[in-house]
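This report refers to the structure that appears directly beneath it.
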Amino acid sequence: MGAVPSTPRWGSELSQDTAEYLIGTFVGDKTFPLVSDYWQKLLELPFDLHWPANRVEQACQEFGVKTGSFYFHSLDNLSSHLPYKIKLIAFARVLFWILICSIDLFYFTARNNGSTRHLAKMLIHLTWCLQESLSNPGGLSVSSMKAVNASYISSVFLKYSIENSTSENLEDLYLSLDESETVQSNICKDESIISMVMHAVLSYIGRVEISPKTYLLHHELLNFMLIAMSTQLLSGPSPGPNDVHPFIDAAMSEDSSLVGLVVHKLLHNYITRPRSKSSSSYTLLSEENQLGVLKRVGSAAANIVLLPLSYFVNSSVEASRSQLADSSINILLILIHYRKCILVESVKNINVSVTSESLLKDETYFAENPYCKALENVKDVEFDRVDIEGNAHSGPLVRLAFASLFDTLGMCLADETAVLLLYALVHGNSDFLEYVLVRTDIDTLLMPLLETLYDASRRTSNQIYMVLIILLILSQDASFNASIHKLILPSVPWYQERLLHQTSLGSLMVIILIRTVKYNMSKMRDVYLHTNCLAALANMAPHVHRLSSYASQRLVSLFDMLSRKYAKLAELKNDKMQINDGELKDDDKLPEDTSAELHIYTDFLRIVLEILNAILTYALPRNPEVIYAIMHRQEVFQPFRNHPRFNELLENIFSVLDFFNSRMDAQKLDGEWSVEKVLQVINTNCRFWRGDGMKMFTQLRFTYEQESHPEEFFIPYVWQLLISRSGFRFNPSSINLFPVELPVEVSYGAVDGNTEEHMLLNVKEAVESSV
């Protein structure tokens, strides 16, 4: 079995030579059997080894020169690139566990691991350690500490192996034992190592409560899951039957009861936002009287592996975050949006290569996602009644405190992952949607969503889309549309253009949606965004109550803005039609899509007129400010009065104008008309309005329907957020899921101080433009 230097137990002295031997041997060409005591000695390495400063710097230099996986080759260069004051304990862990012996990971993955199968054996030991830990879930046992080490070492080498894999089916990960390996009786020959380890990891996450003694292991296991599921980054944006994601597939095959426990725990982590109570102060270069670089005292900052250094920020904002909560929601989003593409049997039996995209769409189907089903079946723990209709649930049942989830989302909606979770809940979980709609403090969710739209210039287009879809889903409910006009906001501090005092939440929503339309016209010019904004406004229109003067003015100005755009397009089209059939000069060429754009803006104008009609038809007496705004700008409607596409919709508006204009003319007034006097006349005559001669149009009702292949949007989007925002790092040249601009290689002699920041910006730009 091979001689291994004796390793003392926890807390006793350990020589540096012994530690280097154990770590170096793991990646070397010497094979240790699964039952060798070598594995116990490796996994029992203590966390408080002391390493002199010159050894750390030597490892950094060797790391930068050899692997090229980071962009720094010395501590001096490293510190010049840090965008924040960063605690470097996690980076030090990576250096010492992998590089203390100047190891090149390439040889481990490409040569040695193929013969030693040490990564597969480490995963088996991780499984065994977790199984032992599950037998004593509340204590800080030796097995749980060994599981921390096993999880960390597995994560390091698994990540490197995945992002440098060259085979289409990930065979070069070598996640199976050699046939000559002696297998113990507690290993099922029919079960893969991947299935074993994923079952153990998910079982621990789902069944063991988080406490100061278990916090560290929970964190390492969440990191391990994130790395194990990163095989999605190697595939294209459209899932196909040839995609290989063994770890996620293993998670999908778990029993529904375990799936329910995992979904519950991930949501519970997100709600409770657990943090380590230990000190988060660390130093990279330890002296003998200081904490060693491998010292782990329970802080999350010490235990997130392979994340960029910018993730470990010493600021009040980052200090208020829970890294365990962030990891939990990231993993939950990956799990619920995964789709396993399966080839139908009729095509599977044909020995041909399936590459055509159209064939894949027609001859494939997606397996049911149990995690998505579990999220859709989450029930409020406070509402524990039996389904009176006797409906059977098609997936695992999860009970959670909706009140806590509602409040947590309200606090976190500035973050895109929270928006994605809220979307998944209101779109897929009818119980949670109903809970949201009956809350009297709906502003808890709406205010951060509206602030996101207000700040659209600093948000990604995907984030704006998701917020608008959520608002559209909410606006489909009549009670929501009525309640938002009853909730009065004392002030809106983030709205800078105008002081908004005692404004209803409904009026603010109208103002922000119209503002978003205007922003879109000037910047993004996205028809889909226009449609969602106007659809939400149309759903709200029949239920408008006491719309504020500012919101009413914005509504009429919206028609004016769209009518100007329509008139410009109509003029361009007419000019084009009048041009002779002769050849056009380059300067005379007009856009080919003028007619299509004109048709789109015709529909937009009609929707705005329908919105005004709905208010005047169903809610006129309750909205004197809308009448005033129409009267004040009645000239903007005049050019369309006889237009064949708009005249029927304008008849009601001019009927209202005629009625109130005649009442104004009948008034004997000394002096000028003031706003107050006009509103007094309007309010007085609203009581005499009977709506005679008004045409009743069918109310516009817009409903949201998800695209037929939502995974093509959500899977890249979630991973883009992980890489650009949460700090997960992956080799850019290996990413096929979405476009990434590769960083320019910089020589070590003259490292540009902005290289790392420029690379991250490039990734961010790719994120915002690719989906």
Side-chain angles (χ1 to χ4, degrees), residues 263-264 266-267 270-271 329 332-333 335-337 369 371-383 393 395 398-453 462-484 487 505-506 509 512-513 516 528-529 531-533 535-540 543 701-707 710-711 713-714 717-718 721:
V263 170
H264 179 273
L266 295 176
L267 287 172
Y270 184 66
I271 293 170
I329 190 175
L332 180 61
L333 291 173
L335 288 172
I336 64 173
H337 290 299
N369 184 322
Y371 296 88
C372 183
K373 280 292 182 183
L375 188 67
E376 292 174 354
N377 288 332
V378 172
K379 305 294 180 184
D380 190 0
V381 71
E382 302 294 334
F383 194 55
H393 299 292
V398 178
R399 294 203 175 276
L400 204 69
F402 277 2
S404 300
L405 181 58
F406 180 93
D407 293 338
T408 302
L409 286 169
M411 292 187 299
C412 301
L413 281 174
D415 182 51
E416 288 186 68
T417 55
V419 174
L420 280 173
L421 178 59
L422 178 59
Y423 164 80
L425 288 167
V426 298
H427 175 255
N429 190 310
S430 58
D431 285 351
F432 186 78
L433 175 59
E434 181 181 351
Y435 177 85
V436 169
L437 294 173
V438 300
R439 286 284 295 236
T440 57
D441 58 343
I442 189 65
D443 56 309
T444 301
L445 294 184
L446 279 191
M447 289 300 285
L449 293 176
L450 295 177
E451 185 177 2
T452 296
L453 294 181
N462 289 339
Q463 187 176 10
I464 297 172
Y465 294 147
M466 297 310 302
V467 169
L468 287 174
I469 291 171
I470 292 171
L471 295 180
L472 177 57
I473 292 173
L474 296 176
S475 73
Q476 294 169 191
D477 184 79
S479 64
F480 167 83
N481 295 323
S483 64
I484 58 176
L487 203 159
L505 183 59
M509 187 168 169
I512 296 300
L513 287 173
T516 305
Y528 181 71
L529 190 149
T531 303
N532 280 344
C533 287
L537 287 170
N539 287 343
M540 296 166 59
H543 311 279
R701 278 186 56 82
F702 290 89
T703 58
Y704 170 72
E705 292 185 5
Q706 197 174 66
E707 296 289 341
E711 69 282 346
F713 172 82
F714 285 108
Y717 185 21
V718 170
L721 289 179

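Fair warning: this is a prediction, and the values are worked out from it, not measured in the lab.
To the nearest 0.5 Å, the span separating SG on Cys533 from CD1 on Ile512 amounts to 10.5 Å. Taking CD of Glu376 as the reference point, atom CG of Asp431 lies at 11.5 Å (rounded to 0.5 Å). Atom-to-atom distance recorded for Leu333:CG and Leu420:CG is 5.5 Å, nearest 0.5 angstrom. Remark: Ile464 CD1 to Leu529 CG distance equals 6.5 Å, nearest 0.5 Å. For the atom pair Met509 CE and Leu487 CG, the distance stands at 13.0 Å (nearest 0.5 Å). The CG atom of Leu400 sits 10.5 Å away from the CD atom of Glu382 when rounded to the nearest 0.5 Å.
Without hydrogens or angle criteria, Glu711 side chain to His337 main chain gives no donor-acceptor distance under 3.5 Å. In terms of modelled atom types and a separation under 3.5 Å, the side chain of Asn481 and the main chain of Asn539 share a donor-acceptor contact. Judged purely by atom type and a 3.5 angstrom limit, Asp441 has no side-chain atom pairing as donor or acceptor with the backbone of Asp443. Side-chain atoms of His264 come within 3.5 Å of backbone atoms of Arg399 as a donor-acceptor pair (strictly under, hydrogens ignored). Judged by distance alone, the side chain of Asn369 and the main-chain N or O of Leu335 form a donor-acceptor pair under 3.5 Å.
Contact check for Asp380 versus Phe432: no side-chain heavy atoms found under the 4.5 Å cut-off. Phe713 is listed as a side-chain neighbour of Asn462, based on a closest heavy-atom distance under 4.5 Å. Within the 4.5 Å cutoff, the side chain of Met540 has heavy atoms near those of the Ile484 side chain. The closest side-chain heavy-atom distance from Leu266 to Ile329 is not below 4.5 Å. Between Leu421 and Leu267 there is a side-chain heavy-atom pair separated by less than 4.5 Å. Proximity of Lys379 to Val398: side-chain heavy atoms (C-beta onward) are nowhere separated by under 4.5 Å. Looking only at side-chain heavy atoms (C-beta outward), Asn532 and Phe702 stay at 4.5 Å or farther from each other. Under the 4.5 Å side-chain criterion, counting only non-hydrogen atoms from C-beta, Leu471 is in contact with Leu513.
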For the pair Tyr423 and Val467, evaluate side-chain contact (heavy atoms from CB on, under 4.5 Å) and give the outcome as yes or no after the intermediate values.
-> CA-CA 8 Å; Tyr423 164 80; Val467 169; over 6 Å; no
Which is it for Ile442 and Leu437 under the side-chain contact (heavy atoms from CB on, under 4.5 Å) test, yes or no, and what are the steps along the way?
-> CA-CA 7 Å; Ile442 189 65; Leu437 294 173; 5.9 Å; no
Check the pair His427, Tyr704 against side-chain contact (heavy atoms from CB on, under 4.5 Å), reporting the backbone distance first and the verdict last.
-> CA-CA 9 Å; His427 175 255; Tyr704 170 72; 3.6 Å; yes
Evaluate the side-chain contact (heavy atoms from CB on, under 4.5 Å) criterion for residues Leu413 and Leu422: first the C-alpha distance (whole Å), next the side-chain angles of each, then the deciding distance (0.1 Å), finally the verdict.
-> CA-CA 8 Å; Leu413 281 174; Leu422 178 59; 3.9 Å; yes
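Taking both residues in full, the closest heavy atoms of Ile336 and Cys372 are given as O-CB, 3.6 Å, listed atom of the first, atom of the second, then distance. Leu472 and Ala535 make their closest contact through CD1-CB, 3.8 Å (heavy atoms, listed as atom of the first residue, atom of the second, distance). In terms of heavy atoms, Ala374 sits closest to Val263 at CB-CG2, 3.8 Å. Across all non-hydrogen atoms, the minimal contact from Ala418 to Cys412 is CB-O, 3.2 Å. Nearest approach of Ala536 to Ser475, heavy atoms of both residues: CA-OG, 3.7 Å. The nearest pair of heavy atoms linking Asn429 to Leu375 is ND2-O, 2.9 Å.
With ring centers used as reference points, Phe402 lies 6.0 Å or more from Phe406.
Applying the side chain to side chain contact (heavy atoms under 4.5 Å, CB included) rule to Ala403 yields the partners Tyr435, Arg439; only residues at least two apart in sequence or on another chain are considered.
Shown here is Gln706, whose CD atom has more than 12 heavy atoms of other residues, nucleotides or ligands within 6.0 Å.
Ring geometry for Tyr528 against Tyr465 counts as perpendicular: the plane angle is over 60°, on a 0 to 90° scale with 30° as the lower cut.
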